[in-house]
Amino acid sequence: MCDSTQQNDFEVPAYDAQAIETKWQKTWEDEELYKTDEDPSKPKKYVLEMFPYPSGDLHMGHARNYTIGDAMARQARMRGYDVLHPMGFDAFGLPAENAAIKHHTQAAKWTYQNIAQAVKTMKRMGFSYDYDRMFNTCDPEYYKWGQWMFIEMWKRGLAYRATSPVNWCPTCKTVLANEQVVEGRCWRCGSIPEKRELSQWYLKITDYAQELLDDLDKLTGWPENVKAQQRNWIGRSEGAEIDFKLAAEDGVTPTDRTISVFTTRADTIFGVSFMVLPPESDLAAELVKGTRYEADYKALKAATEKVSSVDRQGSAREKHGVFTGRYVINPVTGKPAPLWVADYVLLDYGTGAVMGVPCGDQRDFDFARKYGLPIPPIICQKEDPLYEELKDERELRVTNVDWDHAMAAEGYLVQSGQFTGMKGGKHSEAVDAIVAWLEEHGCGRTKVQFRLRDWLISRQRYWGNPIPMVHCDCCGDVPVPEDQLPVRLPDNLDLGAGETLAECPEFYETTCPKCGKPAKRITDTMDTFTCSSWYYLRYTDPHNDEAPFSKAAVDRWMPVDNYIGGIEHAILHLLYSRFWTKVLRDMGMVDVDEPFTNLLCQGMVKDENGDTMSKSKGNVVPPSSVIDPYGADTMRLAILFVAPPEKDFDWDPEAVAGANRFIKRAWRVVWLISHGAKRGEVDASKLSGASAELNRALHELGIKCTNDFDRGQFNTAISASMELVNAASKYVNDVPEDNRDAALSWRVAHDIVTMLAPICPHWAEELFHEALGLSGSVYNEPWPEFDAEQAKSDMVEIAVQVKGKVRARIKVAADASKEELEAAAREAVAEQIAGKTVKKVVVVPGRLVNIVAI
RNA sequence: GGGGGCGUGGCGGAAUUGGCAUACGCAGGGGACUUAAAAUCCCUCGCCGAAAGGAUUGUGGGUUCGAGUCCCACCGCCCCUACCA
């Protein structure tokens, strides 16, 4: 299939990708080439790709992810770093369990089969993982430590059990964390979750909300959009908590009962025309009980429960509410406001109660319009005619507006007592003044509210890490003693027959570790995201059976310097891991505050038409479809060359063919230029003509390639290598072998091989040995040094502009003075500036001369 | 509604601090080799124009000697998020 070329009186061997790749993969494995060195004299670099879920063989997305990481890791090694580059499998999860149910087999079996296949493909791609450090999260040696950490968190009050309404996925038959309800649907199966009241286990991520938010600013190596997504998710909001007294049934007399609201707009308190509770509110149920309002309330509550989380989305949705028959007393004005129940209020945000200010909030406005509640103007734009009328008005005189929208965020207070005339808005002087007043009178206080909820980690599924707790009727929840860890998953369940841990007495029947009486194990397992929240720490010390990892190992390697993975984990995995790291830091187990210094979210690989690849669409391009005809090196090159790593790209078979053409061309050029060449010092001062030009190109392009690797811009690093191959090809064509500089030729051949080695390792290894005659491995070859001085040429072409437009190009000595440049430039454009006055001349050496003539 | 990002030839994309826009590649055109084809090699290749030349980085304005790059407004696209009070 591959040709040989008859040129320069010598035959270039054919490039046989399959033979070369098979040969070197075997050698690398036999020689354990990719074993981590652990050489403390070198600076460390920890390169990590997000480990895969073994749902089958690897797909294009994995191939891209790992190719990027592998190129980084290999180049870092050549640059003299001690590199940790591990891989493993995020092996717990539902697909394994579902497959086991379907085929009446064991989840473990399905999982380990898939892992074996994925590892085979990884090796076939030539990835430089330290396979000795590989582990799977479903290995008891690993999940034992996840259980241990859970117990440590429990001891510190960071893990707890609580009963509250949770998202239950009817398809996956388990609860979900808030983060796992994406656009109102289950992140895994797309079903619409139901709300259920259940006793579940949580991790107290909210304790770290502020730090998780603040430390985002430290993450200068993270993409802006990921940080923005996390900020939004954490959702910090500064406001005030304000206490309203519940009025007695007469509607005016204050009682001792208080309902507090959270608001970011305390400045609008004079505009409160009602208060709203959510339909799930226990207080609302209690207040309407036995009244004539009860029936309407119950109907609303039932209707709300039927509306799915998907339908609840969108601000266009109509609001529904019912009056409770009761009133609350505005603490500032002392006036009563009716208490309503409405479906636009969320039970679990803020205090679960909202003060209704139709003038200042669009939702309240819509609600007031629908139910005929007053809309008193208390904030105005200065342009509004109402402002002139009310600007000095302290009492509530006008009780309704004819606006069709709530007042915009900012304006000036009117009809607001002593605060009238102040500027209102979020974080405004009016807010400060009113909150100060509330604090003084003991009925309000500043409050910081987060949107982030605690992390619900229990799952009612088999294939996960068991929660290592025992429930005893006498002692309550008791942790499993450390010497009994791990709590092992039983492997004799017949999942196909619908058996679960909750129905497996051999699993759950036990005795209380505290009092010894019969007790029951918790049969929930932990969210798989707990397993992936610390795996990067385990790689530093994967065989440790006395601790999750040693302090020394984790201190040596953490933080991860380059973390590469998909954007879909912007919140989920990346937020959980940050939390977990901070918890372990507070336990004294790690020193770092943040686990991942630089984050690269690679783009998606789509099909030829720009559609996402999926089995159901039948448009999946498997990696083998490229590796089989062209080899792994072509695959790797094509993936990295076609687009910058963070961008999506559409799969293009022509681009793959092009990558293969380049590899073959570069192969031949390396062979040709290295023929008759000799390793030795290149004396740049003795080079002339084509040799001098080639040497100059070598250093220029070498610097560019090196910089591009540093920036993670593999596509341009490759284009620099291509230019060098082109330059070498021209040299070989134009200069007979006898006239070539032997040392330079050797160096160019060598540098092309080393510059492409991180990307096309098999190709490079073969040339390293066969064309260059070197021994060892190109993996251990130091990255070449390039010299900026030698990249400069004697003569440069610069542009001559007249008033910013290029009018001529002149060749000048590279070291010409500004005066010389200006003189040469004036001469070059003499015609254009004739008869004009030169007002200014800008000289940028090496680039251009701009003559401003009028 | 809120947040983040993007807009450059037929296509993927380059242009590191404001300094010769379109590097590198794909596709296209021409040629060499071949009985022929494939492969390979060489040349050519953004737009209008015969040419001289001109216009050009979504649109309009601004700053500057000079703007793809900075500022303002608008148009279009993508992603995330959402009754968050």
Side-chain angles (χ1 to χ4, degrees), chain A residues 1-5 7 182-184 223-233 235-237 239 261-265 268 276 278 312-319 342-346 348-357 360-364 366-367 449-452 567-568 570-571 604 638 641-644 646-650 652-659 661-662 664-665 668 704 707-708 710-711 713 715-723 725-726 729 733 797-806 808-809 839-853:
Chain A
M1 119 187 181
C2 295
D3 61 305
S4 25
T5 305
Q7 201 172 340
V182 179
E183 291 177 47
E224 217 38 64
N225 62 335
V226 173
K227 288 190 281 184
Q229 279 182 53
Q230 293 211 356
R231 270 186 206 107
N232 288 340
W233 188 260
R236 184 181 199 272
S237 147
V261 297
F262 173 74
T263 181
T264 55
R265 295 297 304 273
T268 63
V276 207
R312 267 187 98 144
Q313 292 193 11
S315 53
R317 205 178 85 82
E318 198 181 341
K319 296 163 177 50
D343 59 359
Y344 74 97
V345 177
L346 302 174
D348 60 354
Y349 184 75
T351 62
V354 172
M355 64 180 206
V357 185
D361 183 279
Q362 189 57 39
R363 292 157 301 177
D364 297 345
D366 295 341
F367 190 75
Q449 179 68 40
F450 291 95
R451 216 187 67 114
L452 184 70
I567 187 77
E568 67 274 15
I571 296 171
M604 291 211 291
F641 180 61
V642 73
E646 65 283 352
K647 276 196 87 156
D648 289 354
F649 72 80
D650 300 344
D652 179 7
E654 300 284 5
V656 179
R661 208 174 314 161
F662 169 70
K664 289 198 275 190
R665 205 164 89 81
R668 200 176 52 253
K704 182 170 167 12
N707 288 343
D708 288 344
D710 287 348
R711 293 191 300 152
Q713 293 283 316
N715 55 331
T716 50
I718 292 166
S719 83
S721 307
M722 286 174 165
E723 287 185 70
V725 169
N726 291 345
S729 172
N733 284 339
E797 192 181 77
I798 68 164
V800 181
Q801 297 181 331
V802 178
K803 281 183 76 183
K805 292 226 179 272
V806 178
R809 290 171 212 278
K839 298 202 78 167
K840 188 172 180 179
V841 179
V842 180
V843 182
V844 185
R847 301 233 178 239
L848 53 73
V849 177
N850 189 9
I851 299 173
V852 186

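Protein chains get the first letters and strands the later ones, always in sequence-line order, with residue 1 at the start of each.
With sequence neighbours left out, Asp648(A) forms a side-chain hydrogen bond (donor to acceptor under 3.5 Å, both in side chains) with no residue at all. Contacts of Lys840(A) classified as side chain to side chain contact (heavy atoms under 4.5 Å, CB included), with partners at least two apart in sequence or in another chain: Val842(A), Val852(A). In this view, Phe641(A) satisfies the ring pair (Phe, Tyr, Trp, His ring centres under 6.0 Å) rule with no residue, not counting sequence neighbours. Considering only residues two or more places apart in sequence or on other chains, Ala643(A) meets the side chain to side chain contact (heavy atoms under 4.5 Å, CB included) condition with Arg64(A), Phe649(A). Judged as a side-chain hydrogen bond (donor to acceptor under 3.5 Å, both in side chains), and not counting sequence neighbours, the contacts of Arg711(A) are Asp708(A). Every residue two or more places apart in sequence or in another chain was checked for a side chain to side chain contact (heavy atoms under 4.5 Å, CB included) with Glu568(A), and none qualifies. For Ala657(A), the side chain to side chain contact (heavy atoms under 4.5 Å, CB included) partners two or more places apart in sequence, or in a different chain, are Tyr630(A), Arg661(A).
Residue-level contact check: Asp708(A) touches neither bases nor backbone, having no heavy atom under 4.0 Å from any strand. At a threshold of 4.0 angstrom between heavy atoms, the contacts of Arg231(A) with the nucleic acid are absent. At the heavy-atom level, Val852(A) lies under 4.0 Å from the strands shown only through sugar-phosphate atoms. Asn726(A) comes within 4.0 angstrom of sugar-phosphate atoms only, judged by non-hydrogen atoms across all strands, and of no base. Within the 4.0 angstrom heavy-atom criterion, only backbone atoms of the sugar-phosphate kind lie near Pro644(A); the bases stay farther away.
Between the NZ atom in Lys704(A) and the CG atom in Asn707(A) there is a gap of 8.5 Å [rounded to 0.5 Å].
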Contact list (N/O, under 3.5 angstrom) for nucleotides 41-49 of chain B vs protein:
| unit_1 | atom_1 | unit_2 | atom_2 | d |
| --- | --- | --- | --- | --- |
| rC41(B) | OP1 | Arg668(A) | NH2 | 2.8 |

Identify each atom pair where a protein N or O and an N or O of nucleotides 10-12 of chain B are less than 3.5 Å apart, giving names and distance.
| unit_1 | atom_1 | unit_2 | atom_2 | d |
| --- | --- | --- | --- | --- |
| rG12(B) | O2' | Val642(A) | O | 2.5 |

Please write out the pairs of protein N or O atoms and N or O atoms of nucleotides 53-58 of chain B separated by less than 3.5 Å, giving the distance to one decimal.
| unit_1 | atom_1 | unit_2 | atom_2 | d |
| --- | --- | --- | --- | --- |
| rG54(B) | OP1 | Arg807(A) | NH1 | 3.1 |

Give me the distances for all protein-to-nucleotides 18-20 of chain B N/O pairs that come in under 3.5 Å?
| unit_1 | atom_1 | unit_2 | atom_2 | d |
| --- | --- | --- | --- | --- |
| rG19(B) | O2' | Arg847(A) | NE | 3.4 |
| rC20(B) | O2 | Arg809(A) | NH1 | 2.1 |
| rC20(B) | N4 | Glu797(A) | O | 2.6 |

Paired and unpaired positions of RNA chain B as dot-bracket, Watson-Crick or G-U wobble under 3.5 Å, | denoting a partner strand
(((((((..(((......[....))).(((((.......)))))..((....))...(((((..]....))))))))))))....

